[in-house]
Colleague: 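Below you'll find the structure I mean.
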Amino acid sequence: MTTTDLPPLRITHPRLHFAPRNNWMNDPNGLVFHDGLYHLYFQYNPQGVSHANMSWGHATSTDLIRWTEHDPAILWDEEAQIFSGSVVVDHGNTSGFGTAEEPALVALYTAAAAGRQAQALAYSTDGGYVWTKYQGNPVLDRGTSDFRDPKVFWFDDGRDAYWVMVAVEAVDRQVLFHRSDDLKTWTFLSSYGPAGPVGGVWECPDMFPLAVDGDDSDVRWVLLISLNPGGIAGGSGTHYIVGDFDGKIFRPTVPHPTSGRELLRERSQSREELEAYGWLDFGPDCYAGVTFDGLSRDERTLIAWMDNWEYAGSLPGDSDEYRSAMTLPRRLSLTRDQSGVLRLRQEPAIELEPAESVDLGSMTGSTVLTADPASATRIRFAATFGDAHNIELRIESASDDDLVVIRQDRMSGRIAIDRPGAEMPSGFASVPSMRLEEPGEIEWDLWIDQLNERVSSLELFAQSGERVLTALIPAASPRSYSVAVVGGALRRARATVAVVRY
Ligand code: FRU
């Protein structure tokens, strides 16, 4: 299949999010920016709509909005399925697969066979389209059954420089660090965990440096760990830990009060306990997120799978054509919040113009923000609570049963999403929510897109992106959006709306 043979996108395909034209997709893999192109590889079944025959699909983009899908990049074979992993550009030709002038792209992925998972390598000398599996595979085998999801990056602290691989022993809830000079021979450095959220297996780790509030003299390392189940919103979720990495050992800035193997005996963790940890996203539909290699430190950009293993593949509207979409690309930064805690902040890495602003002043009652028949909508809403008790943003679609309500409550300082819908799978009964630090302020950046003919996606960036919530909702297009203020008035209310028409 060449790109031109691909079937056209359907009218109900997401407009701002990547989704494959056909077949099953899960985790993003091998995110890399190279020669002006963003490459997105992804867990892909080239033959159907279930999780099987795992291979790497491939798409490229110059702007992170419009994606061109290509032939699958790395195909499964009788020996192994191609599970998640990463891609680096081997600028120094350390692997010998390219040249210094024309560096090879090198993928490290998990070769998964029954009862055995090991890390394997493939390389591309044509810029990421055609891949060759390395003869000497696997390159890192511990003889275990759940060792997976290698994320590789070039570490250089001015004294020493080498490749570092971050991977998980999933069932043990451990992140393992290895180093290599040539991407083919790996030696063990250290491990992290079990610690923090351990209610499910650990998967798809990533680790990268970020400057605190842009201060280059205060650079910390962020370790991302996805876990399934045991996430803050139920099922799949991703938590993060801020710390230091000296090239060998990752040390959290604030050590977890409890860690060690004994944690694994107590599997269920309360909501209260989970809230004490750092969460990339408070919704149920942001999993296995990893960041691009090849961008500068202040352009660190993440894409995640916008789904949950609890119900992936059983959503209403799921056709026999394709399954799942990715989240919006998100630019990451690190900030110290009012209580001195280091927090990850996320901003959408794309823009949506033109946008229209309306000044709603001291708003009471309710008002329709937009009822345009749009396939994707972005609403920014900012205000300060006057004497109102709460504010609701209501999303109505053709069916009355599908009213979705986003509610911020002044007293509790929480935002919660009610998403009824009789047809939705059981995981949808949950009401995802998050607590804000400044409950008196309302600052929402809401992105809605369609996933298929029955389900839409909602990504809410609140409090300057320090709290993010991603949830699929039962809402078909077209939809209308209104705000309703309950129990009093808001102050300085302002809404900005941008739409993508059909
Ligand atoms: C995470 C995951 C990874 C694995 C891949 C298989 O969603 O379970 O751990 O590599 O999916 O498709």
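It should be emphasised that the depicted structure is a prediction, and the values quoted were computed from it without experimental measurement. Because only heavy atoms are used, hydrogens play no part in the values below, and waters and symmetry mates are left out as well, while side chains stay in. Counting starts at 1 for both ligands and their atoms, following the listed order.
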Colleague: To the nearest 0.5 Å, what is the distance between CG (Leu451) and CG (Leu458)?
Modeller: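 With rounding to 0.5 Å, CG (Leu451) is 12.5 Å from CG (Leu458).
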
Colleague: Between Ser190 (side chain only) and Phe177 (backbone N and O only), is there a donor and an acceptor less than 3.5 Å apart?
Modeller: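 Flag not set: sc Ser190 to bb Phe177 has no pair under 3.5 Å.
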
Colleague: Is it true that Arg435 and Glu275 make a salt bridge, defined as a side-chain N closer than 4.0 Å to a carboxylate O?
Modeller: yes

Colleague: Please say which of Leu224, Leu189, Val175 ends up in a side-chain contact (heavy atoms from CB on, under 4.5 Å) with Val166.
Modeller: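 Among Leu224, Leu189, Val175, the one meeting side-chain contact (heavy atoms from CB on, under 4.5 Å) with Val166 is Val175.
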
Colleague: For each nitrogen or oxygen atom of ligand 1, which protein N/O atoms lie closer than 3.5 Å, and how far apart are they, rounded to 0.1 Å?
Modeller:
residue	atom	partner	partner atom	Å
ligand 1	7 (O)	Asp27	OD1	2.7
ligand 1	7 (O)	Asp27	OD2	3.3
ligand 1	7 (O)	Trp309	NE1	2.9
ligand 1	8 (O)	Glu203	OE1	3.3
ligand 1	8 (O)	Glu203	OE2	2.8
ligand 1	9 (O)	Arg148	NE	2.7
ligand 1	9 (O)	Asp149	OD1	3.4
ligand 1	9 (O)	Asp149	OD2	2.7
ligand 1	9 (O)	Glu203	OE2	3.1
ligand 1	10 (O)	Ser84	N	3.1
ligand 1	10 (O)	Asp149	OD1	2.6
ligand 1	11 (O)	Asn26	ND2	3.2
ligand 1	11 (O)	Asp27	OD2	3.1
ligand 1	12 (O)	Asn26	ND2	3.1
ligand 1	12 (O)	Gln43	OE1	2.6
ligand 1	12 (O)	His51	NE2	2.7

Colleague: State which residues pass salt bridge (charged side-chain N to carboxylate O under 4.0 Å, His left out) with Asp77; sequence neighbours excluded, sorted by chain then number.
Modeller: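 Testing Asp77 for salt bridge (charged side-chain N to carboxylate O under 4.0 Å, His left out), a comparison that skips the adjacent residues, returns Lys133.
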
Colleague: Describe, in one word, how the ring planes of His70 and His58 are oriented to each other, choosing from parallel (under 30°), tilted (30 to 60°) and perpendicular (over 60°).
Modeller: tilted

